[in-house]
Amino acid sequence: MDGVPAAARLAAGELVPVAPYYLTRAAHDEGAPAGEARYVSGFGPGAPLAALLVLAPLRLLAGDLLRRPALLWAGPGPPRPSSPPP
């Protein structure tokens, strides 16, 4: 923004984030507590279903993906150095 990074403008208080998520304000706020808005995901059901087609077979082949997060982003990645014996 005019050569100034958004992070700098945020730190200076010139930018105020509305919500920390990628959400859309709901068309109807019935049932929300007074003064609060409801927000919904803008991605719909397609994104999780598409992810399921990739993540389910990967989980079957690789096991616990929390222990191997590199598989979620860029494949196996470089080999890790082995730790010395205790």
Side-chain angles (χ1 to χ4, degrees):
M1 296 178 4
D2 296 327
V4 180
R9 290 189 184 259
L10 184 63
E14 297 174 19
L15 291 177
V16 179
V18 176
Y21 312 104
Y22 293 102
L23 300 175
T24 304
R25 186 146 185 190
H28 302 284
D29 286 343
E30 290 92 16
E36 291 187 19
R38 280 202 190 211
Y39 291 88
V40 296
S41 172
F43 296 108
L49 291 175
L52 182 65
L53 295 175
V54 173
L55 294 177
L58 186 60
R59 173 91 192 259
L60 288 172
L61 295 173
D64 186 6
L65 297 175
L66 292 176
R67 295 182 181 270
R68 302 176 71 189
L71 292 176
L72 297 173
W73 298 104
R80 293 184 182 178
S82 59
S83 57

Colleague: Say you draw a straight line from CG of L58 to CG of L53; how long is it, rounded to the nearest 0.5 Å?
Modeller: 12.5 Å

Colleague: Not counting sequence neighbours, list each pair that qualifies as a salt bridge (Lys or Arg N to Asp or Glu O under 4.0 Å) and has a residue in residues 42-54.
Modeller: none

Colleague: Just wondering, do D2 and R9 contact through their side chains at under 4.5 Å, heavy atoms?
Modeller: yes

Colleague: Just grab all the salt bridge (Lys or Arg N to Asp or Glu O under 4.0 Å) pairs involving residues 39-65, residues at least two apart or on different chains.
Modeller: D64-R67

Colleague: Looking at CG of L71 and CG of L65, how far apart are the two atoms once the value is rounded to the nearest 0.5 Å?
Modeller: 6.5 Å

Colleague: Sequence neighbours excluded, which residues qualify as side chain to side chain contact (heavy atoms under 4.5 Å, CB included) partners of A8?
Modeller: V4, P5

